[in-house]
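Working notes, beginning with the structure itself.
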Amino acid sequence: MKNFLANIWTKRAASLVSALYAFCACYLCYYSIFYDIEISSRISLCLLISGISLFSLVIMLYSKKQVLTRIASIVIIPAMLPVVLLYFGEWGMIIPIIAVGIIILLLSGSGEGFKTAFGTIFLLLYIFGALAYFLVTSFFVTSAAEQIVESGVSPSGMYRYSVVNTEDSSNGSTAVYVEPNYADVHYPFVTFSLKEIERVVYLERPITEEIDVQWTTQTRQEITSYLNSISDSIAVHLSEDQLEALGYSYDGKLILSDLTSDQKLDIGISVSNIDAIYLDELTTEQLAYFGIGKTESGRYYVLDPSAELLEDIDKESGDTVYFSELSSSWQSEYNVEKDDSVLLSSLTDENLEMLGVPESGDVMTFNGEICFRYYVAILEDYFDIDNRSLSISLLS
């Protein structure tokens with residue numbers, strides 16, 4: 001056994017535990033930025049994390065001179081900074097991990113100069129990180145007195161809602177928030193809820209005292225018939241994948257935008273025309289007026305791309321520059337934009353099913369007014385649970 005423990009390959013294999021522990025600390029850092037935390041049993045979670053941390057620490061000390069362990073020793077502490085700031089107060093989860101990070105840094109096989117340098121860097125990182133967090137949350141994150149007066153879950157369990165009264169200088173407001181009930185991440189004794197995913201489906205000023213939330217279940221056909229009875233011009237905005245699934249090509253949805261009166265007259269279009277002008281409806285001469293060409297296969301390209309444009313998209317003079325390769329800002333230079341709307345009246349029930357709209361689902365009524373339909377939420381992609389973008393509001 002002594003020879004086995006002294007074997008260098010045994011220590012290298014053991015150092016993988018250090019890498020895994022550091023990875024978990026980084027993953028917790030990621031969760032702290034994008035998820036709120038709800039702990040069901042703090043004592044149980046503390047015991048679980050303490051046990052894992054103690055086991056990992058023993059393995060780290062055994063393999064302290066290995067490269068992976070040394071790397072882990074300088075990753076754990078900075079990775080825990082967002083956790084400390086954003087999950088402040090959850091010490092039963094934070095302290096065991098921080099303690100492991102400090103101990104392994106001090107007792108690692110690195111030299112004293114290394115430990116002193118990184119110890120100082122980490123201390124300053126926490127001091128200035130906490131100061132920056134305090135300043136940002138004090139000056140840039142809006143604080144308001146909010147009170148949740150009612151909350152619950154839809155009949156299908158797919159959505160949850162909350163009715164929130166907000167007191168401000170304008171006599172306050174009552175808002176109804178809906179968010180997906182399927183975006184939470186569950187672990188033993190703890191649940192992580194995605195931040196910034198809720199959608200305001202109803203807003204009223206001033207604060208209303210009457211709160212009457214009703215959920216019903218309606219079929220896809222019922223909702224389609226009702227919406228089409230209101231207007232046959234209702235448009236839904238779809239993603240690129242959804243448009244492609246319906247058979248629309250990228251170029252087939254390109255339209256002219258922000259035309260001046262002179263531009264309309266120059267290409268023979270009435271100044272009073274406010275309808276979308278699709279490139280597919282224009283002649284070769286009309287397209288050329290805007291510097292646009294069209295291939296035999298129906299793809300649109302820039303007739304005379306500038307050197308700046310070629311440099312921006314990493315192409316050379318003589319290359320064909322298709323509009324599908326351009327950013328929206330460059331497309332606007334040619335009065336072109338992508339239309340992502342489709343008339344609801346043009347969609348069949350089979351189309352809606354293909355777009356992911358279930359046969360039936362939840363509809364919410366607030367004080368007698370319909371404010372949320374599962375049908376619209378899916379088509380308009382209310383809840384993009386895969387999107388992760390940094391913003392100051394995540395710090396609140």
How about [X] and [Y]: does a side-chain donor come under 3.5 Å of a side-chain acceptor?
X      : Y      : result
Tyr21  : Ser53  : yes
Thr69  : Ser63  : yes
Ser156 : Asp362 : yes
Ser341 : His237 : no
Ser257 : Asn335 : no
Tyr278 : Asp339 : yes

Kindly say whether Ala377 contributes a backbone atom to a donor-acceptor pair with the side chain of Glu380 at under 3.5 angstrom?
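Flag not set: sc Glu380 to bb Ala377 has no pair under 3.5 Å.
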Main-chain N/O of Phe189 paired with Ser40 side-chain donor or acceptor, under 3.5 Å
yes
Considering the options Phe372, Tyr202, Trp215, Tyr161, which one meets the ring-ring contact (aromatic ring centres under 6.0 Å, His included) requirement together with Phe366?
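Among Phe372, Tyr202, Trp215, Tyr161, the one meeting ring-ring contact (aromatic ring centres under 6.0 Å, His included) with Phe366 is Tyr202.
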Is the terminal nitrogen or CZ of Lys195 (NZ for Lys, CZ for Arg) located under 6.0 angstrom from the six-membered ring centre of Phe34 and within 45° of that ring's axis?
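Judged by the rule, Lys195 and Phe34 form no cation-pi pair.
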In terms of relative ring orientation, are Phe88 and Trp91 parallel, tilted or perpendicular, with 30° and 60° separating the classes?
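It falls in the perpendicular class, over 60°.
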For Phe383 and Tyr159, take the angle between the two ring planes, folded into 0 to 90°, and tell me which bin it lands in: parallel under 30, tilted 30 to 60, perpendicular over 60.
tilted
Please determine whether a side-chain nitrogen of the Lys or Arg among Lys338 and Asp251 lies less than 4.0 Å from a carboxylate oxygen of the Asp or Glu.
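Here Lys338 does not pair with Asp251 in a salt bridge, since their nearest N and O are not under 4.0 Å apart.
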What I want to find out is whether Arg160 reaches Glu179 closely enough, with some N-O distance under 4.0 Å, to be called a salt bridge.
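The answer is yes: the pair qualifies as a salt bridge.
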With a 4.5 Å cut-off on side-chain heavy atoms, are Val83 and Glu90 touching?
no
Do Tyr133 and Val84 have side-chain heavy atoms sitting under 4.5 Å apart?
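Answer no - side chains too far apart.
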Run the numbers on Arg220 and Asp349 for salt bridge (charged side-chain N to carboxylate O under 4.0 Å, His left out), then give the verdict.
CA-CA 8 Å; Arg220 184 173 61 222; Asp349 196 58; 2.8 Å; yes
Indicate, with yes or no, if the rings of Tyr87 and Tyr31 have centres closer together than 6.0 Å.
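No, they do not, as the ring centres are separated by 6.0 Å or more.
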